S.K.: 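Below is the structure I would like to discuss, written out as structure tokens.
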Amino acid sequence: MEILRSKAQLEAYIERNREMGKKIGFAPTMGALHEGHISLYEAARHENDLVVSSIFVNPTQFNNAEDLKNYPRTVEKDLEKLDDSGFVDAVYLPEPEDLYPDGVQSKKYSFNGLETQMEGASRPGHFDGVGTVVEELFRQVKPDNAYFGEKDFQQLAIIRELVHQKKIPVKIIGVPTKREASGLAMSSRNKRLTGEQREAATVIHQTLLKVNGWFRVVTVPEINKRVQEIFENERGMVMEYFRIADEDTLKETDFFYKDRNYRAFLVVFVGSVRLIDNMHLD
Ligand code: PAF
């Protein structure tokens, strides 16, 4: 696996491989890698000649300096995991000036209202930061296909909108959420849970499964009430939000219209750890 430590190294590598006509698959990360990330590279390996990863803790998508400071930085371990997976040909480890030559700040985007829902409302400016770094990474890596986890479904929808608006020629592929045997969605944050909390957090996925069972059988307000009650009775957990949203607009719905697709989104604090999950309803 090649390690590319600057924009110049990356660009030379990409040009060399493009000249050979290789199809490039790419998945950017902020490191602290787990099996969920590896599943992106596994998907990419099947569909591309060359698989590129990047690790960059992007300052502009944090709306809290403390969060940025505390974000786990485990590059050596991450490189080992990528190499061991056997799915990745090269990893790009840019410095801030490689991605932000004019200073570390976000561009401003409007993503058709997708950015104002859910995580956008809870984390102002977050999606401007994600858009800025992903747009720049796409311009440098020039992938044919790019892979993002469905666990961050809103991010995936926004990146699809970004490439559409900016006419960036890359196909965006959503990869289903990788789960532990218990159903808990894999996340770098799970490491911060105690054994007991990790066990208790399985209620998040179980609740989404229940919601799927109630889909088009129980009314949306009644489902909202039932979910609220579940978390009111969970000690050590606080639900930040639950909503059923239209899968295309991400707007909350209070009714299941025919011919629309819906997804349930759930955010819960387990102790001080904020966990997010979602599920397509069918
Ligand atoms: O999902 C992430 O890890 C980040 O938001 C991303 C897409 C790598 C951009 O920094």
Side-chain angles (χ1 to χ4, degrees), residues 4 7 10 25-41 43-44 51-64 67-75 77-79 81-82 88 90-100 104-107 109 111 114-115 117-120 122-141 143 145-163 166 168 170-178 185-192 265 267 274-278:
L4 309 163
K7 180 178 172 194
L10 172 85
F26 173 56
T29 78
M30 297 208 299
L33 302 183
H34 50 74
E35 284 302 307
H37 294 106
I38 302 301
S39 71
L40 304 180
Y41 300 112
V51 176
V52 179
S53 165
S54 67
I55 301 176
F56 178 70
V57 181
N58 175 35
T60 60
Q61 70 188 77
F62 288 83
N63 33 6
N64 175 324
D67 252 15
L68 172 61
K69 199 174 115 216
N70 292 335
Y71 196 84
R73 287 158 174 88
T74 55
V75 179
K77 269 199 200 148
D78 292 341
L79 291 176
K81 280 189 191 154
L82 290 176
V88 178
V91 56
Y92 180 31
L93 303 178
E95 293 297 328
E97 53 275 19
D98 290 313
L99 296 175
Y100 293 97
V104 179
Q105 57 186 20
S106 293
K107 293 194 206 168
Y109 295 90
F111 295 115
L114 293 173
E115 75 285 8
Q117 310 294 328
M118 300 185 286
E119 294 302 286
S122 308
R123 305 171 68 185
H126 169 69
F127 288 118
D128 280 336
V130 171
T132 305
V133 80
V134 171
E135 183 179 354
E136 185 55 29
L137 283 164
F138 282 170
R139 298 208 186 277
Q140 296 185 13
V141 177
N145 297 311
Y147 297 79
F148 293 86
E150 284 186 352
K151 175 164 168 291
D152 294 308
F153 191 83
Q154 188 173 8
Q155 169 172 280
L156 171 64
I158 281 175
I159 288 165
R160 285 190 204 286
E161 180 60 26
L162 169 77
V163 302
K166 302 283 173 185
I168 304 173
V170 52
K171 184 171 166 200
I172 304 301
I173 294 156
V175 178
T177 303
K178 187 95 179 164
M186 288 195 184
S187 160
S188 322
R189 295 175 184 219
N190 293 354
K191 287 197 197 101
R192 292 167 48 205
F265 295 84
V267 179
R274 185 175 187 269
L275 298 180
I276 73 173
D277 203 350
N278 66 76

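When a residue number appears, it is its place in the shown sequence, counting from 1. In listed order, ligands and their atoms are each counted from 1. Fair warning: this is a prediction, and the values are worked out from it, not measured in the lab.
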S.K.: Check whether any side-chain heavy atom of V133 lies under 4.5 Å from a side-chain heavy atom of Y100, and answer yes or no.
M.R.: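 Counting from C-beta outward, V133 and Y100 do come under 4.5 Å.
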
S.K.: For ligand 1, which atoms, with element, lie under 4.0 Å from some heavy atom of V133?
M.R.: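 Within the 4.0 Å cut-off of V133, ligand 1 contributes 9 (C), 10 (O).
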
S.K.: Considering only protein heavy atoms, which is closest to atom 4 (C) of ligand 1, and at what distance to one decimal place?
M.R.: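 Residue, atom and distance for the closest contact: Q61 NE2, 3.6 Å.
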
S.K.: One thing to verify: whether E119 and R274 come together as a salt bridge, which I'm taking to mean a side-chain N less than 4.0 angstrom from a carboxylate O.
M.R.: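 Salt bridge present between R274 and E119.
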
S.K.: With heavy atoms of Q155 as the reference, note each atom of ligand 1 found under 4.0 Å away.
M.R.: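 Listed by number with element: 1 (O), 2 (C), 4 (C), 5 (O), 7 (C).
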
S.K.: Below the 3.5 angstrom mark, is there an N/O of T29, backbone or side chain, next to an N/O of ligand 1?
M.R.: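 No, no N or O pair falls under 3.5 Å.
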
S.K.: Could you check whether any side-chain heavy atom of F26 comes within less than 4.5 Å of a side-chain heavy atom of S54, counting everything from C-beta outward?
M.R.: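 Yes, their side chains come closer than 4.5 Å.
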
S.K.: Which label fits Y71 and F62: parallel for a plane angle under 30°, tilted from 30 to 60°, or perpendicular past 60°?
M.R.: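 Correct class here is perpendicular.
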
